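Computed from a predicted structure; not experimentally measured. The sequence lines fix the lettering, A, B, ..., with proteins before strands; numbering per chain opens at 1.
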Amino acid sequence: MGKEEKGLNNFFENYLKQDPIFINKSILHWNYTPDKILHREKQITEIAKILAPSLKLEKPSNLFIYGKTGTGKTCIVKYVTQEMGEVAKKKKLNLKVVYINCKYQRVADTEYRLIAEIIKNLGETIPTTGLPTKDVYDFFFRIVEEQKTLLILIMDEIDHVVKKMGDEMLYTLTRINDQLKESKVSIIGITNDLNFINNLEPRVKSSLSEEEMLFPPYDAVQLKEILEQRAKIGFKKDVLEEGLISKCAALAAKEHGDARRALELLRVAGELAEREGKNLVTMEDVDVAQEKIDRDNILEAIKTSPKQHQLILQSILQLKKQNGKEEIFTGQVFEVYKTIGTKYGISILTSRRVSDIISELDMFGIIQTKLVNKGRHGRTREICVNLSSSTTEEIEKILPVG
DNA sequence: GTCAATTCACATGAAAGAGACCACGGTCTAGTG
DNA sequence: CTAGACCGTGGTCTCTTTCATGTGAATTGACGA
């Protein structure tokens with residue numbers, strides 16, 4: 001016991017003595033906003049131009065922004081509105097900016113909760129459930145009106161709103177100004193679904209996208225500069241192997257120029273090196289980081305998903321083990337699921353539901369499915385699991401039974 | 001051999017139910033002056 | 001008299017079931033050469 005304690009002590013002391021690789025890790029986090037945002041000057045000025053009327057308390061046009069993940073949409077909108085907020089504060093203008101991410105589950109995935117969330121951001125509270133939705137709207141209108149303010153409503157990942165609850169609610173929101181006398185609301189919608197706007201009802205489309213902007217992906221060179229800018233202040237000097245940043249940039253550029261991904265790669269690689277007590281981050285660390293990020297995402301998704309989902313995933317994995325390379329189909333999964341379920345006394349869902357769960361697993365990226373038509377033999381989803389064996393093992397530890 | 005009809009094994013949609021959660025208003029109860 | 005406990009009602013939310021409809025190539029079978 002005493003010996004162990006001493007060992008642990010040593011470990012901690014060594015840990016502290018170690019030359020840390022980082023100066024400030026949070027700089028390498030994607031939601032850190034640097035002083036100077038690179039390669040987005042054009043977008044910044046454009047957004048500023050569009051939003052500027054709000055400083056005269058005139059309602060700016062609704063703005064619709066689209067671009068792939070990690071192209072800086074959120075970052076820049078936040079940056080511009082923040083700056084504006086400060087100017088407004090100095091001039092004592094009643095300007096409010098509310099940022100809502102519509103995707104983060106459990107926060108705002110119903111009409112009710114979304115409005116409740118906006119209300120919360122305006123500094124009021126409303127019960128989390130139990131009220132008729134109409135009451136929530138009325139309450140929202142009332143407080144906006146009472147505050148006599150110009151409200152800029154930023155709705156990130158706005159496509160999720162429509163997917164979950166249709167565009168009726170967006171229509172209501174865009175028409176809100178008709179009902180307000182003292183206040184005005186303008187909406188900034190952000191999405192990474194490039195087709196989203198075309199699937200909207202025309203009346204919503206026209207009012208939501210009075211202005212439109214596209215954020216192009218970063219290319220490898222730009223990513224590299226962004227990484228360099230942050231690495232300079234986030235990492236200690238000379239801890240990065242030659243060409244390491246280029247590698248991160250290149251890897252991320254392959255994945256549709258995602259700056260968030262690039263930063264994560266760099267940071268995780270640094271953490272890995274740090275953990276091993278090295279004082280140089282190497283190329284291998286980046287490779288390991290790449291794998292680790294994917295695996296962690298998947299594991300996290302599985303851990304937090306409901307038991308039935310886990311059970312179905314387990315059925316899929318078991319099938320994969322059994323028939324080796326052969327493809328797996330929905331029907332088979334359902335059969336295996338049924339036997340496992342009954343064996344362990346877990347209630348069995350209908351095949352209809354199982355089918356949905358399989359596509360949910362697909363969306364999470366845990367499995368890949370493809371719709372195949374096998375003529376006489378019907379139509380089904382072909383399921384494949386592209387996980388390394390170590391990941392599979394990790395997953396199996398989490399799974400409910402067996 | 002050819003062509004259209006059939007058929008399979010699910011996918012996909014819509015609607016509705018079950019059970020959990022919660023706010024609200026009314027009623028009851030115990031403590032206080 | 002009043003604050004707080006307790007209860008019933010009516011609303012939402014999530015997960016699920018039930019019913020209904022769709023899909024598209026392999027298969028079948030009729031037909032003609």
Side-chain angles (χ1 to χ4, degrees), chain A residues 100-120 122 124-143 157 159-170 172-173 193 195 199-201 301-316 319-320 323 326-342 344-364 366-385 400:
Chain A
I100 301 279
N101 189 322
C102 311
K103 181 181 171 184
Y104 282 114
Q105 297 120 341
R106 319 237 179 284
V107 179
D109 50 1
T110 66
E111 208 170 340
Y112 185 114
R113 284 195 195 159
L114 192 75
I115 304 293
E117 187 68 20
I118 298 171
I119 292 172
K120 212 171 96 195
L122 286 170
E124 301 276 338
T125 48
I126 191 155
T128 50
T129 168
L131 259 52
T133 310
K134 194 175 164 297
D135 287 10
V136 187
Y137 270 111
D138 289 347
F139 188 70
F140 174 54
F141 286 150
R142 218 183 60 233
I143 61 171
E157 319 251 6
D159 45 321
H160 279 255
V161 175
V162 176
K163 217 182 278 167
K164 287 245 170 179
M165 37 200 151
D167 42 19
E168 195 57 29
M169 111 155 252
L170 285 185
T172 318
L173 278 178
D193 180 353
N195 284 321
N199 300 331
L200 284 177
E201 230 182 288
I302 295 172
K303 258 184 223 162
T304 52
S305 56
K307 199 162 63 178
Q308 296 285 4
H309 293 225
Q310 296 180 354
L311 198 60
I312 286 165
L313 177 60
Q314 179 161 18
S315 312
I316 293 171
L319 263 170
K320 192 196 172 195
N323 26 344
E326 270 173 64
E327 300 91 348
I328 302 166
F329 303 107
T330 306
Q332 303 172 356
V333 175
F334 185 56
E335 290 305 315
V336 175
Y337 160 76
K338 263 199 298 198
T339 50
I340 301 184
T342 32
Y344 291 93
I346 294 165
S347 60
I348 303 293
L349 301 177
T350 35
S351 59
R352 175 68 184 84
R353 181 72 186 120
V354 171
S355 175
D356 272 353
I357 291 179
I358 289 176
S359 52
E360 279 169 44
L361 289 173
D362 183 21
M363 282 201 312
F364 274 129
I366 299 168
I367 59 176
Q368 284 75 42
T369 68
K370 201 172 72 188
L371 214 58
V372 287
N373 248 302
K374 299 193 293 170
R376 192 91 220 272
H377 307 294
R379 177 199 212 222
T380 179
R381 257 194 291 252
E382 193 181 295
I383 301 165
C384 52
V385 193

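- Using a 4.0 Å cut-off between a side-chain N of Lys or Arg and a carboxylate O of Asp or Glu, Asp138(A) and Arg142(A) do not qualify as a salt bridge.
- When each of Asn373(A) and Arg381(A) is assigned the nucleotide of DNA chain B with its nearest heavy atom, Asn373(A) is the one assigned upstream, toward the 5' end.
- Put simply, CG on Asp362(A) is 10 Å from P on dT12(B), counting in whole angstrom units.
- The minimum heavy-atom distance between Gly341(A) and Ile348(A), with the atom names listed, is CA-CD1, 3.7 Å.
- Rounded to whole Å, atom P of dC15(C) lies 17 Å from atom CD1 of Ile358(A).
- The CD-P distance, from Glu327(A) to dA9(B), rounds to 17 Å in whole Å.
- Taking every heavy atom of residues 345-355 of chain A and every atom of DNA chain B, pairs under 4.0 Å involve Arg352(A), Ser355(A), by number.
- Lys320(A) approaches Val385(A) most closely through the heavy-atom pair NZ-O, 3.4 Å.
- Atom CG in Asp135(A) sits roughly 20 Å away from atom P in dT9(C) (whole-Å rounding).
- Counting heavy atoms from C-beta on, the side chains of Thr330(A) and Thr369(A) never come closer than 4.5 Å.
- The phosphate of dG24(C) has neither OP1 nor OP2 within less than 4.0 Å of any side-chain N or O from Arg376(A).
- One atom, CZ of Arg379(A), and another, P of dG13(B), lie 10 Å apart when rounded to the nearest Å.
- Among residues two or more places apart in sequence or in another chain, the side chain to side chain donor-acceptor pair (under 3.5 Å) test is passed with Asp135(A) by none.
- A straight line from CZ of Arg113(A) to P of dG11(C) spans 19 Å, rounded to a whole angstrom.
- Checking the phosphate oxygens (OP1, OP2) of dT27(C), a side-chain nitrogen or oxygen of His377(A) falls inside 4.0 Å.
- The OH atom of Tyr112(A) sits 12 Å away from the P atom of dT14(C) (whole-angstrom rounding).
- Remark: Lys303(A) engages no residue in a salt bridge (charged side-chain N to carboxylate O under 4.0 Å, His left out) (not counting sequence neighbours).
- Among dT12(C), dT12(B), dT23(C), the nucleotide with an atom closest to any side-chain atom of Leu371(A) is dT12(B).
- Listed here is the closest heavy atom pair of Tyr137(A) and Thr172(A): CE2-CG2, 4.1 Å.
- Rounded to whole Å, the distance from CZ on Phe329(A) to C1' on dA11(B) is 15 Å.
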